[in-house]
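One structure is given here, and the rest of the page talks about it.
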Amino acid sequence: MIINLEPCFHYGRTPPCVDRIISSGIKKVIVATKDPNPKTNGKSLQKLKDAGIEVVCGIAEERAKDLNAPFFKWITTGLPYVSLKAAISLDGKIATVAHDSRWISSEQSRLWAHRFRNSIDGILVGASTVREDDPQLSARTEKVYYPTRIVLSESGDIPTGARIFSLPGKTVIAVPEGLKKELQESFQGKAEVLLCRRDQTGIDIGDLLRRLGQKSITHLLVEGGSKVFTAFIEGGHVDAFYFIVAPKLLGEGISLMRGTTLEISNAICLEFQDVQRSGPDLIITAHYKKEKLEAEGYKRIV
Ligand SMILES: NC(=O)c1ccc[n+]([C@@H]2O[C@H](COP(=O)([O-])OP(=O)(O)OC[C@H]3O[C@@H](n4cnc5c(N)ncnc54)[C@H](OP(=O)(O)O)[C@@H]3O)[C@@H](O)[C@H]2O)c1
């Protein structure tokens with residue numbers, strides 16, 4: 001048997017996989033990486049060996065760690081793995097001056113994005129995106145999947161007729177502590193209100209992530225708009241960036257980040273990981289540049 005993660009040792013949604021492997025009569029198990037979950041963490045490898053099964057661990061370990069990165073981050077830190085996806089024009093705009101963003105990217109790229117949404121358990125946008133675009137925030141591929149929808153709002157002003165409140169699945173409205181009771185109550189029966197610590201930008205994103213991790217959100221997809229992108233990027237909270245770059249020029253418009261003035265010397269530096277074509281667009285995967293992260297004491301952990 002060849003597996004990318006050590007089989008589990010404990011009872012969860014299923015009984016321990018390790019026992020099933022032993023009872024099946026398998027003679028050799030090749031495991032890419034140990035499961036850092038303290039409930040397993042090497043115990044299953046030992047149990048397999050004790051049962052007389054040959055065990056090899058560590059084959060293609062780095063690739064397996066990449067594959068399991070969201071789970072590994074969540075299980076070791078309690079924080080969700082944060083992916084940020086933005087559809088941008090070649091001149092870095094996420095919408096026109098009139099706040100029109102439909103559609104910057106191609107149909108193929110939108111399908112890619114829906115497939116990506118299938119792999120996450122939480123999807124987050126800012127209140128303005130809900131007010132302006134009324135998005136569904138679902139993954140619409142062969143089947144429809146509804147990750148937990150999280151909306152950031154400082155004012156609590158979100159139209160209760162928005163689609164996010166009537167679709168299947170869960171909606172969480174994240175607001176700063178101290179938001180008026182009447183506003184909190186306006187979401188009763190429609191969404192859970194998550195009170196988060198305040199910082200100078202509104203909600204303290206680190207505190208929000210801790211609370212989402214406690215709700216078992218292991219992989220959060222941040223989908224915009226500009227103010228939300230800025231809060232996550234500047235705070236150093238993003239584990240993986242996905243830029244869908246369309247061959248369009250929008251001139252004046254809404255930039256990926258706003259309200260931030262940076263010099264070349266203190267630019268937020270990323271490293272490209274991968275680039276792929278998607279119809280007429282490019283999908284660029286990137287991470288923060290590691291040295292820059294360390295130098296600026298960013299909070300990113302993985
Ligand atoms: N191309 C893309 O990938 C893409 C994706 C999504 C959206 N868009 C476009 O982006 C535009 C909207 O962008 P935007 O910058 O105006 O708005 P936004 O980021 O969607 O929402 C901003 C609002 O979110 C809340 N918010 C953001 N950061 C917060 C924080 N740290 N703490 C508390 N609340 C916070 C505030 O809500 P309150 O006002 O309620 O206090 C704020 O006014 C739209 O035109 C949309 O079409 C483009």
Side-chain angles (χ1 to χ4, degrees), residues 82-106 109-110 112-114 116-117 123-137 149-160 162-164 171-180 183-184 186-187 191 193-212 220-238 241-246 248-250 252-260 278 281-284 299:
V82 179
S83 293
L84 180 150
K85 187 220 84 190
I88 58 173
S89 63
L90 200 52
D91 51 351
K93 306 295 174 193
I94 64 160
T96 64
V97 177
H99 284 217
D100 185 11
S101 60
R102 292 185 169 164
W103 297 108
I104 290 178
S105 61
S106 66
S109 299
R110 297 201 301 277
W112 176 90
H114 280 283
F116 191 88
R117 284 177 176 180
I123 184 164
L124 181 145
V125 292
S128 298
T129 294
V130 174
R131 290 190 289 258
E132 290 169 21
D133 299 350
D134 195 13
Q136 299 184 56
L137 305 178
R149 299 173 286 271
I150 299 124
V151 181
L152 267 194
S153 177
E154 199 172 0
S155 66
D157 169 21
I158 302 171
T160 49
R163 290 198 283 191
I164 51 162
T171 302
V172 175
I173 306 296
V175 294
E177 284 167 346
L179 185 80
K180 283 193 189 134
L183 279 169
Q184 290 185 37
S186 66
F187 299 112
V193 174
L194 189 66
L195 298 173
C196 301
R197 277 212 306 256
R198 224 176 232 290
D199 68 5
Q200 63 286 0
T201 60
I203 287 174
D204 173 341
I205 304 296
D207 186 52
L208 168 75
L209 291 174
R210 269 189 297 281
R211 289 169 195 274
L212 293 179
L220 179 71
L221 176 61
V222 174
E223 285 222 352
S226 181
K227 278 192 191 158
V228 164
F229 285 148
T230 307
F232 274 82
I233 297 172
E234 283 201 315
H237 299 292
V238 183
F241 293 85
Y242 297 89
F243 297 110
I244 301 177
V245 186
K248 290 177 184 153
L249 299 168
L250 290 177
E252 295 295 330
I254 304 186
S255 297
L256 177 75
M257 293 172 71
R258 57 159 88 186
T260 304
S278 169
D281 308 329
L282 297 178
I283 300 179
I284 298 176
K299 298 166 209 140

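Counting starts at 1 for both ligands and their atoms, in listed order.
- Partners of Arg110 under the salt bridge (charged side-chain N to carboxylate O under 4.0 Å, His left out) rule, at least two apart in sequence or in another chain, do not exist in this structure.
- Counting heavy atoms under 4.0 Å from ligand 1, residue Ser226 touches it through both backbone and side chain.
- The contact set between ligand 1 and Ala87, taken as ligand atoms under 4.0 Å from a residue heavy atom, comprises 1 (N), 2 (C), 3 (O).
- Close approach to Val228 involves these atoms of ligand 1, each under 4.0 Å from a residue heavy atom: 19 (O), 27 (C).
- The proximity of Arg131 to ligand 1, defined as any non-hydrogen pair under 4.0 Å, is limited to the side chain.
- Remark: Phe243 pairs with Phe241 by the ring pair (Phe, Tyr, Trp, His ring centres under 6.0 Å) rule, at least two apart or across chains.
- For the pair Arg211 and Cys196, the minimum side-chain heavy-atom distance is below 4.5 Å.
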* Trace of the side chain to side chain donor-acceptor pair (under 3.5 Å) decision for Arg258 with Thr230 -> CA-CA 6 Å; Arg258 57 159 88 186; Thr230 307; over 6 Å; no
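- At the top of the distance list for atom 16 (O) of ligand 1, counting protein heavy atoms only, stands Arg258 NH2, 3.1 Å.
- Glu132 OE1, 3.1 Å is the protein heavy atom nearest to atom 44 (C) of ligand 1.
- Here the heavy atom of the protein found nearest to atom 25 (C) of ligand 1 is Leu152 O, 3.2 Å.
- The protein non-hydrogen atom at the shortest distance from atom 7 (C) of ligand 1 is Thr129 OG1, 3.3 Å.
- In terms of protein heavy atoms, atom 22 (C) of ligand 1 is closest to Ser128 OG, 3.5 Å.
- Taking only nitrogen or oxygen atoms, main chain and side chain alike, Lys85 does not reach within less than 3.5 Å of ligand 1.
- Scanning the protein heavy atoms around atom 24 (O) of ligand 1, the nearest turns out to be Ala127 N, 3.2 Å.
- Using cut-offs of 30° and 60° for the angle between ring planes, the Trp112 and Tyr242 rings count as tilted.
- Here the protein heavy atom with the shortest distance to atom 34 (N) of ligand 1 is Glu154 N, 3.3 Å.
- No donor-acceptor distance shorter than 3.5 angstrom exists from the side chain of Arg197 to the backbone of Asp204, with no hydrogens or angles considered.
- Ligand 1 is never approached by Arg102 to a heavy-atom distance shorter than 4.0 Å.
- Looking at Lys227 against ligand 1, both its backbone and its side chain come within 4.0 Å, counting heavy atoms.
- Taking distance alone, with nitrogen or oxygen atoms compared against 3.5 Å, Asp100 stays at or beyond that limit from ligand 1.
- Applying the 4.0 Å criterion to heavy atoms of Ala86 picks out, from ligand 1, the atoms 3 (O).
- A salt bridge links Glu154 with Arg198: the closest approach of a Lys/Arg side-chain nitrogen to an acidic carboxylate oxygen falls below 4.0 angstrom.
- Annotation for ligand 1: atoms under 4.0 Å from non-hydrogen atoms of Gly202 are 32 (N).
- Taking distance alone, with nitrogen or oxygen atoms compared against 3.5 Å, Ala231 stays at or beyond that limit from ligand 1.
- Annotation for ligand 1: atoms under 4.0 Å from non-hydrogen atoms of His99 are 45 (O), 47 (O).
- Remark: ligand 1 atoms within the under-4.0 Å shell around heavy atoms of Glu223 are 5 (C), 6 (C).
- Taking only nitrogen or oxygen atoms, main chain and side chain alike, Gly225 reaches within less than 3.5 Å of ligand 1.
- Annotation: atom 48 (C) of ligand 1 to nearest protein heavy atom, Ile94 O, 3.4 Å.
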* Show your reasoning for whether side chain to side chain donor-acceptor pair (under 3.5 Å) applies to Ser109 and Asp281. => CA-CA 7 Å; Ser109 299; Asp281 308 329; 2.6 Å; yes
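- Side-chain atoms of Ser128 and Arg131 include a donor-acceptor pair closer than 3.5 Å.
- Distance check: Asp91 CG to Glu252 CD gives 9.5 Å after rounding to the nearest 0.5 Å.
- With a 4.0 Å heavy-atom cut-off, ligand 1 is reached by the side chain of Asp133 but not by its N, CA, C or O.
- Short contacts between ligand 1 and Gly126, defined as distances under 4.0 Å to a heavy atom of the residue, involve ligand atoms 18 (P), 20 (O), 21 (O), 24 (O).
- Atom CG in Leu195 sits 10.0 Å away from atom CG in Asp207 (nearest 0.5 Å).
- Here CG of Leu137 is found 5.0 Å from CD1 of Ile123. Values are rounded to the nearest 0.5 Å.
- Ligand-side atoms of ligand 1 in range of Ile203: 30 (C), 31 (N), 32 (N), 33 (C), range being under 4.0 angstrom from any heavy atom.
- One distance of note links CG of Leu221 with CG of Leu84; it measures 8.0 Å at 0.5 Å rounding.
- The minimum heavy-atom distance linking Ser278 with Ile283 is given by the pair CB-CD1, 3.7 Å.
- The two residues Ile158 and Ser153 have their closest heavy-atom pair at CD1-CB, 3.9 Å.
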